[in-house]
Amino acid sequence: MSQNAERTLVLVKPDGLQRGLAGTIMSRLENRGLKLVASKLIHMDESLAEAHYMAHKDKPFFPGLVKFITSSPVLAMAWEGKDSVRVVRNTMGATDPTKADPGTIRGDMAIDIGLNLVHASDSTDTAHQEIQLFFSKTEILEYTRDIDRWIIES
């Protein structure tokens with residue numbers, strides 16, 4: 001990973017996969033200049049879902065969240081780039097799609113907070129923890145892209 005880059009986790013949630021939006025979502029992130037360093041299609045089990053959403057364990061919506069995220073496959077991805085956590089979250093838009101700006105993933109493609117298509121890490125610390133939940137070190141690739149010099153000023 002380059003010195004000024006960070007990594008973040010993105011999940012295309014069951015609603016995004018069922019609606020056939022995984023490619024569009026990936027394209028939006030690639031168009032921002034982020035680099036995909038890991039991806040896999042998985043069907044989350046209850047144990048992984050509970051570990052992933054541990055911060056919400058005591059909230060009333062937790063059981064429904066676990067039920068939803070385990071209802072169908074998700075596309076788990078690790079993305080790398082300068083300020084990737086902030087860039088991804090800005091690209092996705094507000095958690096509540098009715099409050100998300102037009103031009104964001106949620107603002108353009110979703111209308112219900114419970115079906116908001118994607119998950120993204122909310123901090124670099126969270127990103128590190130979440131990436132470790134979904135990927136082993138050998139599943140995260142280090143590689144150089146020739147276009148990076150046209151994306152990040154050195």
Side-chain angles (χ1 to χ4, degrees), residues 1-45 47-56 65 68-97 99-111 113 115-154:
M1 185 164 58
S2 70
Q3 204 170 12
N4 62 352
E6 63 186 28
R7 290 184 178 149
T8 192
L9 180 83
V10 173
L11 300 177
V12 177
K13 297 194 293 192
D15 52 324
L17 277 178
Q18 291 291 334
R19 291 181 53 197
L21 296 173
T24 300
I25 291 165
M26 289 178 72
S27 182
R28 294 263 185 123
L29 298 173
E30 284 182 319
N31 287 342
R32 288 298 309 265
L34 296 172
K35 177 170 66 172
L36 182 65
V37 294
S39 70
K40 61 181 162 182
L41 187 65
I42 63 169
H43 203 134
M44 288 176 68
D45 61 21
S47 174
L48 178 57
E50 288 175 355
H52 176 66
Y53 286 119
M54 186 58 67
H56 303 297
L65 188 57
F68 170 69
I69 203 72
T70 60
S71 68
S72 181
V74 299
L75 178 61
M77 300 174 284
W79 290 88
E80 182 179 295
K82 183 177 180 184
D83 300 318
S84 65
V85 170
R86 186 167 41 107
V87 169
V88 167
R89 291 186 68 81
N90 288 341
T91 303
M92 289 185 177
T95 303
D96 181 346
K99 297 176 181 166
D101 291 332
T104 64
I105 290 168
R106 291 176 177 141
D108 290 350
M109 295 180 254
I111 57 172
I113 194 166
L115 298 169
N116 66 6
L117 306 173
V118 286
H119 164 84
S121 304
D122 62 4
S123 71
T124 54
D125 289 339
T126 303
H128 181 72
Q129 294 167 2
E130 290 179 341
I131 289 169
Q132 287 184 331
L133 269 179
F134 288 89
F135 299 101
S136 68
K137 287 183 188 261
T138 60
E139 293 176 308
I140 301 170
L141 303 180
E142 296 275 349
Y143 64 99
T144 303
R145 293 186 309 180
D146 291 333
I147 65 165
D148 286 344
R149 65 189 181 109
W150 301 104
I151 296 171
I152 306 294
E153 193 174 40
S154 55

N/O donor-acceptor pairs under 3.5 Å from side chains in residues 36-44, not counting sequence neighbours:
from  : atom 1 : to     : atom 2 : distance (Å)
Lys40 : NZ     : Phe134 : O      : 2.7
Lys40 : NZ     : Glu139 : OE1    : 3.1
Lys40 : NZ     : Glu139 : OE2    : 3.2
His43 : NE2    : Thr70  : O      : 2.9

Report, one line per pair, each donor and acceptor closer than 3.5 Å where one atom sits in a side chain of residues 18-26; sequence neighbours left out.
from  : atom 1 : to     : atom 2 : distance (Å)
Gln18 : NE2    : Ser72  : OG     : 2.7
Arg19 : NH1    : Met109 : O      : 2.7
Arg19 : NH2    : Met109 : O      : 3.1

Not counting sequence neighbours, which residues clear salt bridge (Lys or Arg N to Asp or Glu O under 4.0 Å) with Asp101? List them please. none

Pairs involving residues 23-33, ordered by first then second residue, that meet salt bridge (charged side-chain N to carboxylate O under 4.0 Å, His left out) (sequence neighbours left out): Arg28-Asp108

Which pairs, with at least one residue in residues 143-154 and sequence neighbours excluded, count as a salt bridge (charged side-chain N to carboxylate O under 4.0 Å, His left out)? Arg145-Asp148

So do Arg106 and Thr95 actually touch side chain to side chain, heavy atoms under 4.5 Å? yes

Considering residues at least two apart in sequence or located in another chain, which fulfil the side-chain hydrogen bond (donor to acceptor under 3.5 Å, both in side chains) criterion with Ser47? none

Residues in side-chain contact (heavy atoms from CB on, under 4.5 Å) contact with Asp83, at least two apart in sequence or another chain: Arg86, Val87

Taking side-chain contact (heavy atoms from CB on, under 4.5 Å) as the definition, give me every residue that meets it alongside Asn31, ordered by chain and number, with sequence neighbours left out. Ser27

Checking Gln132 now: which residues fulfil side-chain hydrogen bond (donor to acceptor under 3.5 Å, both in side chains) with it, not counting sequence neighbours? His128

Those residues at least two apart in sequence (or on a different chain) that pass salt bridge (Lys or Arg N to Asp or Glu O under 4.0 Å) with Arg7 are Glu80, Glu142

Output all residues satisfying side-chain hydrogen bond (donor to acceptor under 3.5 Å, both in side chains) with Thr124, sequence neighbours left out; order by chain, then residue number. none

Please name all residues satisfying side-chain contact (heavy atoms from CB on, under 4.5 Å) with Ala51, sequence neighbours left out, ordered by chain then number. Leu133

